[in-house]
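Below: the structure, in structure tokens.
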Amino acid sequence: MAIYQAKIFGIVQGVGFRPFVARLADQFNIYGSVCNKGPYVEVFAQGTESDVQDFLQAIANEPPERASILKIDSQPLTLPENYRDFQIIESAKERGAIFVSPDIATCDKCRQELFNPEDKRYLHPFINCTACGPRLTILDSMPYDRERTSMGEFPMCPSCQEEYTSPATRRYDAQPVCCNDCGPEVYIIGEEDVRGAAAITRTRKTIIDGGIAAIKGIGGFHLCCDAANAAAVTRLRQLKLRPVKPFALMARDMDVIERECELEAGQAEMLTGHQKPILLLKRKMTGRIADIVAPGNPKVGIMLPYTPLHMLLFDYPDGLYMPDTLIMTSGNPAGAPICRDDEGALAALSGFCDLMLSHNRKIRIRADDTVMDWLEGQPYMIRRSRGFAPLPFMLDMDLQGAVLGIGGELKNTFCVASDNIFYPSPYVGDMSDLRTMQALRETITRLTTLLETQPELVACDMHPRYNTVTVARELDLPLFPVQHHYAHILACMAENNYTRPVIGVSFDGTGYGTDDTIWGGEFLLADLAGFKRLGSISPFRQAGGDKASREGWRVALSLLYDMYKDKKKTAALAAKLQLCTPQDMDAMFFMLDNNINTIISTSAGRLFDAVSALLGIRTSSSFEGEASMYLEFTAQSWQDNHASQLTPPPPQTSTAQLFAYLVTARLADTDTAKLAWEFHFGLARIIKDFCITARHKTGLNVAALSGGVFQNHLLTELVSQQLQQHEFTVLRHSLIPPNDGGICLGQALAAMYHLNHKGDSAC
């Protein structure tokens, strides 16, 4: 007989792993035990050598569908035979790497029970089992057991207790298990006597009648209305002061999504899987959702119901006919974090809705919905949160220590790193709001506690006035400033588990440069020890301060003025293009002539805004990236409609020359959609040419693409194609956003490398 000890690392808690191991033990005639140790699951297996090996192989190859095994360490033991059965034993606390499961969407079996009148959990808004339900958002500490979650406030009834303790059931060791007799309850805020079925019906009727409801979900509140009711959606836009930014949708089922959207290979599996993100899909012209849901946008962000309460909103036996598409947008005022409790919802959302449907299961950590695009058959993350965070990234490096990457000022997430394991947090938000800063503080405390990690160093942006830097200083840890665009490239390298030097193409809106200017279109020679700036797009003057980031006409006017160096000519052209009022133009000339409120910038994002204004697509933006986004839509439409007759523009060696070409072509009344495409192609060619020059200088053949500008599919595809045609290996993002929501990973990697290689010099 043989006895082996195995340690299984990864997402192996809260996914039915121990009963799965117990069932395999019975199948392979194994005696021993399985125990949740916190950092890992420990298995002792006694049996014949062949049975034990088959047993361990089955664990590795056939894990529960919600599990994610990262590593199995096994070794034979010389202990005497001492097991007479196989037991699941209580969780035991040990230090080491910890893996916290994200929240898991309601599984198909629970959905069937939810609508089965013969089931004891019929219409129960909190039905779950070992394979589904809340995880991170209810967790207080590890190991993941009921008493360490917000479900600890709800004692199980005898029936649920029996299922919870029986390995033969689907709910064995399912920490959030409950039923109508012992679980949380829904109610209307302000009318707490309207509970359960009455609360759900009241909410459904409000939505059917064209009203707006705030609804507490698994990680925070949503604002909800009928997506086919243009008047309701318009009213929500007016209340939220959100004129055109797309709203996310929730569809009843896949039939509805297929009616509204076109699907590519792999997208249906992502939509119906256990993570259920918001996926950006191409809209069908024949769909029923209101155009104002995503005005002028060829895509719409859509998801399926992922909690029992969502499913009950669509289908409830109360005789009402519910719409099959709902707006389901984050419940928060602009700039603030998503609301997670009644007090916060009353303070922040009362003016946005007609009713608030809440429940009494506490949310420990906020988790906005994940937003995902699709690029060349693969996920392309926009916002990484529910269902994905805090799944870690493991690097094939020998690293020791603990650090924190505090993340970006916009789209903030942070990253807790322990040795070679990096845990990006759920989405927090934009740091311009004091409430979001407080949410960042709270979430850092909770996640570092869950992961039992005490950072020795905190990495932050170089910008001295960022609010994230303020929060970092409050942690009373040594600060490790990391240049913004370098952090982008490191994030791309980390996601691809690539640790050798690269040519980094880091294009975004703005980042503080090492020369105290504003960078944003950068070419870097980067490795884990540091970087060198190889070059950038053409620097330009940017007048108007923060307004320039929202009003692309200002950047366009600056570029025109520097191009012509003639006030009258610039003014005449600006007037012809209807860039701004005469008064605004005079103010801009005054700032540019006197160098007031004017900076030197290499911002690729602002260049996109300027081109959008030049071409008459968007002169200003009501939300971040609007002008650039509609420029991309225009260019993509031209490419789609002229695929067989696309002619590249004349070669340009710099972005200044490219802009001058566009001005000349615009004055010649060239189709603006064609010029939008030519801008994208021309910029991709400039990037390719620079990378070829950099290859000659450095000998490197790997290019990493990162930064918010690479959310632009058309540019990303064009750059990738041109680089690959010249035999470059191209590193891109997939499950970490290219935007500022991903830089925390790069910051943390820079800090961790510094801890372990303090003597190394930058490349």
Side-chain angles (χ1 to χ4, degrees), residues 393-401 403 405 415 417 419-420 422 457 459 461-462 480-508 511 513-515 519-537 602 604 684 686-707 709-710 716 719-720 722-736 738 742-763:
F393 292 83
M394 295 185 72
L395 269 64
D396 293 335
M397 296 180 66
D398 183 16
L399 298 170
Q400 301 293 324
V403 302
C415 181
D419 300 338
N420 68 327
F422 294 75
L457 189 65
D461 199 276
M462 288 177 57
F480 186 71
V482 181
Q483 201 281 323
H484 185 91
H485 299 93
Y486 174 51
H488 272 304
I489 299 304
L490 285 182
C492 185
M493 293 169 64
E495 180 177 0
N496 288 276
N497 195 22
Y498 191 89
T499 58
R500 296 185 295 280
V502 301
I503 300 167
V505 184
S506 189
F507 276 34
D508 65 1
T514 54
D515 59 358
W519 293 4
E522 309 307 310
F523 298 94
L524 309 177
L525 169 59
D527 63 17
L528 300 188
F531 75 96
K532 288 183 179 178
R533 191 188 194 195
L534 298 175
S536 70
I537 66 170
T602 57
I686 289 169
I687 292 171
K688 176 263 297 179
D689 289 344
F690 196 101
C691 288
I692 290 174
T693 301
R695 177 166 61 187
H696 291 322
K697 292 180 180 178
T698 66
L700 298 177
N701 201 46
V702 178
L705 310 181
S706 192
V709 166
F710 285 108
T716 305
V719 171
S720 299
Q722 294 190 31
L723 286 172
Q724 288 162 355
Q725 286 167 4
H726 287 79
E727 299 182 342
F728 277 90
T729 297
V730 179
L731 304 181
R732 295 194 314 216
H733 291 281
S734 178
L735 294 178
I736 282 289
I743 65 168
C744 64
L745 178 59
Q747 290 174 342
L749 177 54
M752 184 65 78
Y753 190 86
H754 174 75
L755 270 187
N756 288 264
H757 302 83
K758 291 181 181 178
D760 286 13
S761 60
C763 59

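These values consider heavy atoms only, across backbone and side chains, with no hydrogens, waters or symmetry-generated copies.
A donor-acceptor contact closer than 3.5 angstrom links the side chains of Q483 and H485. A donor atom on one side chain and an acceptor atom on the other are found under 3.5 Å apart for H484 and D508. Between the side chains of T602 and E522, at least one donor N or O sits under 3.5 Å from an acceptor N or O.
Seen from the ring of F728, R695 counts as a face-on cation partner, given the 6.0 Å and 45° thresholds.
No donor-acceptor pair closer than 3.5 Å links the side chain of N420 to the backbone N or O of L399. The main-chain N or O of L735 is found under 3.5 Å from a side-chain atom of E495 such that the two form a donor-acceptor pair. Under the 3.5 Å distance criterion, the side-chain polar atoms of T716 are matched with a main-chain donor or acceptor of F710. Without hydrogens or angle criteria, Y486 side chain to G530 main chain gives a donor-acceptor distance under 3.5 Å. In terms of modelled atom types and a separation under 3.5 Å, the side chain of N701 and the main chain of E727 share a donor-acceptor contact. Judged by distance alone, with hydrogens and angles left aside, the side-chain atoms of N496 form no donor-acceptor pair with the main-chain N or O of Y498 at under 3.5 Å. Side chain of N497 to main chain of M493: no donor-acceptor pair is present (N/O by atom type, distance under 3.5 Å, no hydrogens or angles).
Separation of the F480 and Y753 ring centroids does not fall under the 6.0 Å cut-off. Here F393 and F422 keep their ring centres 6.0 angstrom or further from each other.
Among all heavy-atom pairs drawn from C492 and L731, the shortest one is SG-O, 3.5 Å. The two residues F531 and T514 have their closest heavy-atom pair at CZ-CG2, 3.9 Å. Contact detail for Q747 and D461: the closest heavy-atom pair is NE2-N, 3.7 Å. When all heavy atoms of L749 and A494 are compared, the closest pair comes out as CD2-CB, 3.9 Å. When all heavy atoms are compared, the tightest approach of L723 to A703 is CD1-CB, 4.0 Å. Shortest non-hydrogen contact noted between A604 and F507 is CB-CD2, 3.6 Å.
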Quiz item: Do S720 and R732 pass the side chain to side chain contact (heavy atoms under 4.5 Å, CB included) test, and can you show the C-alpha distance, the side-chain angles, and the key distance before you say yes or no?
Solution: CA-CA 9 Å; S720 299; R732 295 194 314 216; 2.8 Å; yes
Exercise. Evaluate side chain to side chain contact (heavy atoms under 4.5 Å, CB included) for V702 paired with R500, printing each intermediate quantity in order.
Key: CA-CA 9 Å; V702 178; R500 296 185 295 280; over 6 Å; no
Quiz item: side chain to side chain contact (heavy atoms under 4.5 Å, CB included) between V502 and L700: does it pass, once the steps are laid out?
Solution: CA-CA 6 Å; V502 301; L700 298 177; 5.6 Å; no
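With rounding to the nearest 0.5 Å, the separation of CG in L745 from CG in L395 is 7.5 Å. If you take NZ on K697 and CD1 on I503, they are separated by 10.5 Å, rounding to the nearest 0.5 Å. A distance of 4.5 Å separates CD1 in I489 from OG in S506, rounded to the nearest 0.5 Å. For the atom pair CG of L534 and OG1 of T693, the computed distance is 10.0 Å after rounding to the nearest 0.5 Å. Atoms CD1 and SG, on I736 and C744 in that order, are 6.0 Å from each other to the nearest 0.5 Å. Note that CG of D398 is 8.5 Å distant from CG of D419, once rounded to the nearest 0.5 Å.
At least one side-chain heavy atom of V505 sits under 4.5 Å from a side-chain heavy atom of C691.
The side chain to side chain contact (heavy atoms under 4.5 Å, CB included) with H754 is formed by just one residue from the set V482, L457, L528; it is L457.
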